[in-house]
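Working notes for the structure below.
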Amino acid sequence: MRRWLDGLRGRVFPDHWSLLFGQIAFYSFVMVTISGLVLMVPYEPSLDPVVYDGPYAPLRGVTMSRALDSTLAISFEMRAGLLVRQVHHWASLLMVAAIMLHLLRLFFTGGFRRPRRTSWVVVFTLFLVMLGAALTGTSLPDDMLSGSSLAVIDGVVKSIPFIGAEISSLMFGGQFPGDVLALFYPLHAYVLPAVMVGLFIALAVLALKHRPAQFEGPGRTNDNIVGRPAVVAAVKGAGLFAFVAGVSLLMGATATINPIWMYGPADPADASAGIGPAWYLAFLDGALRLAPGWEVELWGRTLTLAILLPVALCTLFFIVLAAYPFIEDWILGDRKDQNLLERPRNNPTRTGIGVAGIVFYGVLWAAAAADTLAITFHWSFNTLIRLFQVLLIIGPPIALVITRRICIGLERADLDLAEHGVETGRVVRLPNGGYAEDHRTLTPYRRWALAGHTHAVPEPPTGFRISLVRRLRFRLATLFDAPSHPR
């Protein structure tokens, strides 16, 4: 243990603001865990009916489940109960947002390359588990908002061919609405948190096994690390945790979120107007809205493509995202460890692909609010849906092309700045009578940061017989690594 601690104490960790998103996600998880443990004691995961007789007058005499009654008691009768509930909710949103930003940072900087492909899969799995934990948690109060979300989930599950009805019956303990808390409460309170703890531990082990990645710079190579000692990194981590805790408490104390008393108890026959899914799940609702109402008959069963297609499309999107490091590795054929992160502009094709994915996700996310947009701006709902359908098809490829051209232009501008220096605005007269603008030479560090990145040009396949797969790999690798300017 002493040798291990000495080795850890002697480590150096890179210092860059973009590397903090993973820590913020973990510290938010700690806040969610602490507040969740407090809420577990008074909460009753039961759908047995009771008549509300608490301090909130508008709901007195209303029949509701024990789950909603106990949640209302936490909000209005437990000391600091509403603060704990809202801290729990806000911290979970911070956690999901931070892990999404962490994934984007890994993607655009190439932080998923060897030897960190496994870390990418672990982070992506952690993101999916967080979505599952957030989804199951929003259903626990058993208010009308969560009931409406469960109705949508039930419809999506039942659309699965041949086994959808059985899965729905298993999930809800019978016919909808059934007793969903019997499944969701153990998942939210025990199973998914334990999985997240295991994934965080796996990330920590992988981070200790492989040296931390760092951005390119003078003196930085794949074999060294330039940063701060472990003690300084630990102190900064403690300060960041205090900051995350303070922000969560401030938001919980000042910003109302999920006011279940305004929605009332869940009822399969009712739905609240103007409600929508949580922002991190809105892309699924948007996909359902954009899908055409197609149905087909196969083997005596009706397949609802209006639900199957959106679910299949979103599933394919996540599969491609999870497998992207392996796809890029196969295209480039690079078997070396890459411990230097890239500026997004220095890999135009990957950056374009990332922006295309963001546009795809963003269109689905915006489509979930099509009804609200139509009412707010007095637009036609059908026209908005048609517009989003068109953007979903043409938006990603246009974003890829434009982003790639912008990155190439930025690279060329960096090279020009590194070669000629910064314009000073001072014009001098030359001995031959001509005029030239004076340029200020950049520092070696700045010049290296602008023009030190090199592109690896792929070697063309050789031999008498070249398979189509090798030709495809070479063409794709050329798109990734072809230099955007002469060296």
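As a basis for the values below, the full set of heavy atoms in this structure was taken, side chains included, without hydrogen atoms, waters or symmetry mates.
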Worksheet item: Given side chains that start at C-beta, do those of Thr71 and Arg85 come closer than 4.5 Å, heavy atoms only?
Response: yes
Discussion item. Looking only at the side chains, is there a donor atom on one of Thr349 and Arg404 sitting less than 3.5 Å from an acceptor on the other?
Written reply: yes
Discussion item. Nearest 0.5 angstrom please: Met95 CE to Met130 CE, how far?
Written reply: 4.5 Å
Discussion item. Between the side chains of Arg113 and Glu342, is the shortest nitrogen-to-carboxylate-oxygen separation below 4.0 Å, so that they form an ion pair?
Written reply: yes
Worksheet entry | Close side-chain approach of Pro348 and Glu411, heavy atoms under 4.5 Å | yes
Discussion item. Testing the basics here: between Leu181 and Ser46, what is the closest heavy-atom pair and its distance to 0.1 Å?
Written reply: CD1-N, 4.0 Å
Item to complete: Kindly indicate, with the supporting measurements, whether the criterion side chain to side chain contact (heavy atoms under 4.5 Å, CB included) is fulfilled by Leu145 and Thr138.
Response: CA-CA 9 Å; Leu145 179 61; Thr138 55; over 6 Å; no
Practice prompt. Give the ring-plane orientation class for Tyr27 versus Phe241, where under 30° counts as parallel, over 60° as perpendicular and anything between as tilted.
Written response: perpendicular
Worksheet, complete the sentence: Rounded to the nearest 0.5 Å, the CZ atom of Phe108 sits from the CG atom of Asn347 at a distance of 11.0 Å
Practice prompt. Taking the side chain as every heavy atom from C-beta outward, state whether Thr351 and Arg345 have any pair of such atoms under 4.5 Å apart.
Written response: no
Worksheet item: What distance do Asp69 atom CG and Ile74 atom CD1 have between them, rounded to the nearest 0.5 Å?
Response: 10.0 Å
Worksheet item: Looking at side-chain heavy atoms only, is the closest gap between Thr118 and Leu206 below 4.5 Å?
Response: yes
Worksheet item: Considering only heavy atoms from C-beta outward, does the side chain of Arg114 approach that of Lys336 to under 4.5 Å?
Response: no
Worksheet item: Backbone N or O of Ala368 within a donor-acceptor pair of the Arg289 side chain at under 3.5 Å?
Response: yes
Discussion item. Has Ser28 got a side-chain atom pairing as donor or acceptor with Ile24's backbone, closer than 3.5 angstrom?
Written reply: yes
Item to complete: Please report the C-alpha distance between Lys158 and Ile167 in whole Å, then the side-chain angles of each, then the deciding distance to 0.1 Å, and finally whether the side chain to side chain contact (heavy atoms under 4.5 Å, CB included) criterion is met.
Response: CA-CA 7 Å; Lys158 286 182 178 177; Ile167 296 179; over 6 Å; no
Worksheet item: Aromatic rings Tyr324 and Phe112: how do their planes relate, parallel, tilted or perpendicular, breaks at 30° and 60°?
Response: perpendicular
Worksheet item: Which atom pair, heavy atoms only, marks the closest approach of Asn339 to Pro115?
Response: OD1-CD, 3.9 Å
Discussion item. Side chains of Gln86 and Thr254, heavy atoms from C-beta outward: is any pair under 4.5 Å?
Written reply: no
Item to complete: Please report the closest heavy-atom contact between Met251 and Leu94, naming both atoms and the distance.
Response: SD-CD1, 4.4 Å
Worksheet item: Closest approach of Ala370 and Phe388, non-hydrogen atoms and distance?
Response: CB-CE1, 4.3 Å
Worksheet entry | Exam field: side chain Ser169 to backbone Ala165, donor-acceptor pair closer than 3.5 Å | no
Discussion item. Below 30° counts as parallel, above 60° as perpendicular, anything between as tilted: where do the rings of His88 and His188 land?
Written reply: perpendicular
Discussion item. How close do Tyr280 and Ala134 get, counting heavy atoms only, and between which atoms?
Written reply: OH-CB, 3.1 Å
Item to complete: Could you tell me whether the side chain of Asp285 reaches within less than 4.5 Å of the side chain of Trp365, counting heavy atoms only?
Response: no
Item to complete: Taking Thr136 for its side chain and Ala133 for its backbone only, find out whether a donor-acceptor pair lies under 3.5 Å.
Response: yes
Worksheet item: Is the backbone N or O of Ala91 less than 3.5 Å from a side-chain atom of Ser248, with the two atoms forming a donor-acceptor pair by type?
Response: no
Fill in: Trp120 atom CH2, over 12 foreign heavy atoms within 6.0 Å
yes
Worksheet item: Does the ring center of Tyr185 lie less than 6.0 Å from the ring center of Tyr43?
Response: yes
Practice prompt. List the atom of Thr256, the atom of Pro259, and the distance in Å for their closest heavy-atom pair.
Written response: CG2-CB, 4.2 Å
Worksheet entry | Leu284 CG to Leu313 CG distance, which is reported to the nearest 0.5 Å | 10.5 Å
Practice prompt. Please work out which of the three classes, parallel, tilted or perpendicular, describes the rings of Tyr361 and Phe283, given edges at 30° and 60°.
Written response: tilted
Discussion item. I'd like to know if Arg116 and Asp337 make a salt bridge, using a cut-off of under 4.0 Å between side-chain N and carboxylate O.
Written reply: no
Discussion item. Please report the interatomic distance CD1(Ile99) to CZ(Phe29), rounded to the nearest 0.5 Å.
Written reply: 11.5 Å
Worksheet item: Thinking salt bridges, do Asp414 and Arg343 make one under a 4.0 Å N-O criterion?
Response: yes
Discussion item. Between Glu328 and Leu332, is the side chain to side chain contact (heavy atoms under 4.5 Å, CB included) condition met? List the steps.
Written reply: CA-CA 6 Å; Glu328 183 174 310; Leu332 299 179; 3.9 Å; yes
Fill in: Phe184/Phe172 aromatic ring centres below 6.0 Å
no
Item to complete: Check the pair Ser18 / Leu101 against side chain to side chain contact (heavy atoms under 4.5 Å, CB included), numbers first and verdict last.
Response: CA-CA 9 Å; Ser18 65; Leu101 292 174; over 6 Å; no
Practice prompt. Please check if the side chain of Ser70 supplies one atom and the backbone of Glu44 the other of a donor-acceptor pair under 3.5 Å.
Written response: yes
Discussion item. Can you confirm whether Phe243 is buried at CZ, in the sense that more than 12 heavy atoms of other residues, nucleotides or ligands lie under 6.0 Å from that atom?
Written reply: no
Worksheet entry | Ring-ring centroid check Phe76 Trp261, cutoff 6.0 Å | yes
Worksheet item: Mind checking whether Tyr263 and Asn258 have side chains closer than 4.5 Å, heavy atoms only?
Response: yes
